[in-house]
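Worksheet: the structure to be examined is printed underneath.
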Amino acid sequence: MNAPRKLAAGNWKMNGLRADVQEARKLAAEFPSSAVDIVLCPPATLIGAMAASLIGSAVRVGGQDCHVAASGAHTGDISAAMLSDAGAHHVILGHSERRADHDETSVLVAQKARAAHDAGLVAIICVGETEAQRDAGQTLDVVLGQLTDSLPERASATNTVVAYEPVWAIGTGRTPTLEQIAEVHDALRANVPDRAIPLLYGGSVKPANAAQIFAIPNVDGALVGGASLKASDFGAIVAALGAA
Ligand code: PEP
């Protein structure tokens with residue numbers, strides 16, 4: 001198989017004002033070219049400004065969600081075509097915060113991924129177990145079930161990335177053991193429809209733990225929340241991925 005591409009993706013969540021676009025410019029200055037793919041996903045309000053400030057750089061921009069429809073009467077929503085038009089190249093779908101806060105199901109995530117693919121976007125599809133599910137020994141069943149139901153038929157290494165994000169590790173400073181990450185990533189690799197689909201780990205990735213995590217087989221990069229907000233932190237994670 002072709003080796004999966006390495007990707008460091010930053011999820012700014014509901015953080016960032018116009019002045020913070022300078023963090024993206026600093027990151028781009030640090031990596032004028034890059035052996036690994038780099039994507040920042042700011043809130044929708046910043047996508048256009050960030051994309052404009054990154055033209056010609058190695059850093060790409062992504063959205064954090066999209067609607068299943070291309071346009072229409074959906075107040076407050078954003079379509080994949082609009083993200084693309086604003087300069088986005090990727091879109092995060094099925095993040096656990098959207099699954100929890102907006103009752104998003106894997107079936108809906110697959111519909112959104114189809115819409116993203118139709119608009120030419122790369123879908124970063126998130127899966128992950130809660131702490132209760134892990135404690136009940138259900139991790140692989142939950143994660144592989146989400147994988148099966150969230151990936152659309154056309155998912156391939158050119159249009160899809162899968163991010164394994166244990167819900168209990170997001171924003172908590174807690175991470176699974178390296179063996180626990182390896183177990184899930186091995187299972188994901190065995191079950192993705194295209195074995196070159198990049199598999200990211202997400203959940204409290206920091207400069208201090210990035211190298212260890214990137215040394216795990218079948219980990220092709222990271223989806224990073226808090227540590228992606230500052231170019232100094234995220235740059236260290238990108239550098240660790242490049243060295244892995
Ligand atoms: C995330 O939001 O996808 C995430 C992994 O957050 P953090 O890195 O802050 O745990």
Side-chain angles (χ1 to χ4, degrees), residues 6-16 20 23-24 27 36-44 46-47 50 60-66 83 88 90-102 104 106 109 112-113 116 121-131 133-134 139 142-143 146-147 150 160-178 180-181 184-185 188 198-214 216 219-241 244:
K6 291 184 180 181
L7 169 64
N11 173 14
W12 279 18
K13 312 191 187 195
M14 198 169 72
N15 297 294
D20 299 304
E23 295 299 325
L27 188 71
V36 305
D37 294 337
I38 309 170
V39 180
L40 283 176
C41 302
L46 296 182
I47 289 174
M50 190 178 283
R60 285 174 164 155
V61 177
Q64 298 177 11
D65 178 49
C66 71
L83 291 176
H90 291 63
V91 60
I92 299 169
L93 295 174
H95 191 282
S96 61
E97 287 155 12
R98 293 209 57 90
R99 290 179 188 260
D101 296 354
H102 301 273
E104 292 198 359
S106 293
V109 173
K112 291 184 173 199
L121 297 176
V122 176
I124 302 174
I125 298 177
C126 303
V127 297
E129 83 285 2
T130 63
E131 187 159 31
Q133 289 166 333
R134 177 164 280 279
T139 298
V142 168
V143 167
Q146 288 178 340
L147 181 78
S150 302
T160 301
V161 172
V162 172
Y164 167 53
E165 298 208 307
V167 178
W168 52 274
I170 295 177
T172 60
R174 297 168 59 203
T175 52
T177 64
L178 302 182
Q180 287 171 328
I181 296 174
V184 176
H185 277 247
L188 287 170
L199 302 179
L200 311 185
Y201 168 76
S204 297
V205 177
K206 309 263 181 278
N209 62 14
Q212 278 185 309
I213 291 170
F214 295 148
I216 302 171
V219 173
D220 306 311
L223 179 55
V224 183
S228 70
L229 294 171
K230 292 291 171 206
S232 51
D233 289 336
F234 196 49
I237 293 169
V238 172
L241 182 61

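Just so it is clear, the structure is predicted and the values come from calculations on it, not from any experiment. In each ligand, atom 1 is the first atom listed, and ligand 1 is the first ligand listed.
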Which residues pass the salt bridge (charged side-chain N to carboxylate O under 4.0 Å, His left out) test with Arg134, sequence neighbours left out? Glu129

Can you name the residues that form a salt bridge (charged side-chain N to carboxylate O under 4.0 Å, His left out) with Lys6, not counting sequence neighbours? none

Taking the side chain as everything from C-beta on, heavy atoms only, tell me whether Glu131 gets closer than 4.5 Å to Arg174. yes

Do Cys66 and Lys112 have side chains that get closer than 4.5 Å, going by heavy atoms? yes

Distances for all N or O pairs of ligand 1 and the protein under 3.5 Å?
{"residue": "ligand 1", "atom": "2 (O)", "partner": "Asn11", "partner atom": "ND2", "Å": "3.3"}
{"residue": "ligand 1", "atom": "2 (O)", "partner": "Lys13", "partner atom": "NZ", "Å": "2.6"}
{"residue": "ligand 1", "atom": "2 (O)", "partner": "His95", "partner atom": "NE2", "Å": "3.0"}
{"residue": "ligand 1", "atom": "3 (O)", "partner": "His95", "partner atom": "NE2", "Å": "2.9"}
{"residue": "ligand 1", "atom": "3 (O)", "partner": "Glu165", "partner atom": "OE1", "Å": "3.0"}
{"residue": "ligand 1", "atom": "3 (O)", "partner": "Glu165", "partner atom": "OE2", "Å": "2.7"}
{"residue": "ligand 1", "atom": "6 (O)", "partner": "Gly225", "partner atom": "N", "Å": "3.4"}
{"residue": "ligand 1", "atom": "8 (O)", "partner": "Gly225", "partner atom": "N", "Å": "2.8"}
{"residue": "ligand 1", "atom": "9 (O)", "partner": "Gly226", "partner atom": "N", "Å": "2.9"}
{"residue": "ligand 1", "atom": "10 (O)", "partner": "Gly171", "partner atom": "N", "Å": "2.6"}
{"residue": "ligand 1", "atom": "10 (O)", "partner": "Ser204", "partner atom": "N", "Å": "2.8"}

Decide whether Glu165 and His95 meet the rule of one side-chain donor and one side-chain acceptor closer than 3.5 Å. yes

Using atom types as modelled, flag every donor-acceptor pair under 3.5 Å from a side chain in residues 222-237 to any protein atom, sequence neighbours excluded.
{"residue": "Ser228", "atom": "OG", "partner": "Asn11", "partner atom": "N", "Å": "3.4"}
{"residue": "Ser228", "atom": "OG", "partner": "Val224", "partner atom": "O", "Å": "3.2"}
{"residue": "Ser228", "atom": "OG", "partner": "Gly225", "partner atom": "O", "Å": "2.7"}

